[in-house]
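Read the structure below first, then the notes.
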Amino acid sequence: MSSHNHISSGSDPRQPSVAKPYAPPGVAPQDLPVDYSGFIAVVFGVAGVMFRYKLCSWLAIICCAQSLANMRNIETDLKQISMAMMFAIMGLVTNYLGPARPGTKS
């Protein structure tokens, strides 16, 4: 008894002529989830500049990269990411090239 004879007899329920390509449902820009990594990048960037924390500036760079990777709405996200990247780079420049933070010996 062979079990593969009923498959080759043409009883496959799938019909290639009826198949439609998958189209993801459209989502309005205001319904998208908030880009938290972009917001966190701005917060870390500002903290890195204000308090001279190198870690905050590096975290801001990482969050910028993450929100660039998940960017959905080009116009609004690009403004926020570029602002966060500016703060992060400014924080790194002031941390590594600027005057030493008061109270610490470098």
Give every donor-acceptor pair under 3.5 Å between a side-chain atom in residues 81-97 and any protein atom, sequence neighbours left out.
unit_1: Ser82; atom_1: OG; unit_2: Leu78; atom_2: O; d: 2.9
unit_1: Ser82; atom_1: OG; unit_2: Lys79; atom_2: O; d: 2.9
unit_1: Thr94; atom_1: OG1; unit_2: Met90; atom_2: O; d: 3.0
unit_1: Thr94; atom_1: OG1; unit_2: Gly91; atom_2: O; d: 2.9
unit_1: Asn95; atom_1: ND2; unit_2: Tyr53; atom_2: O; d: 3.4
unit_1: Asn95; atom_1: ND2; unit_2: Gly91; atom_2: O; d: 3.0
unit_1: Tyr96; atom_1: OH; unit_2: Trp58; atom_2: NE1; d: 3.1

Taking distance alone, no hydrogens or angles, what donor-acceptor pairs closer than 3.5 Å link side-chain atoms of residues 38-47 to residues at least two apart or in another chain?
none

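- The distance from atom SG of Cys56 to atom CE of Met50, rounded to the nearest 0.5 Å, is 12.0 Å.
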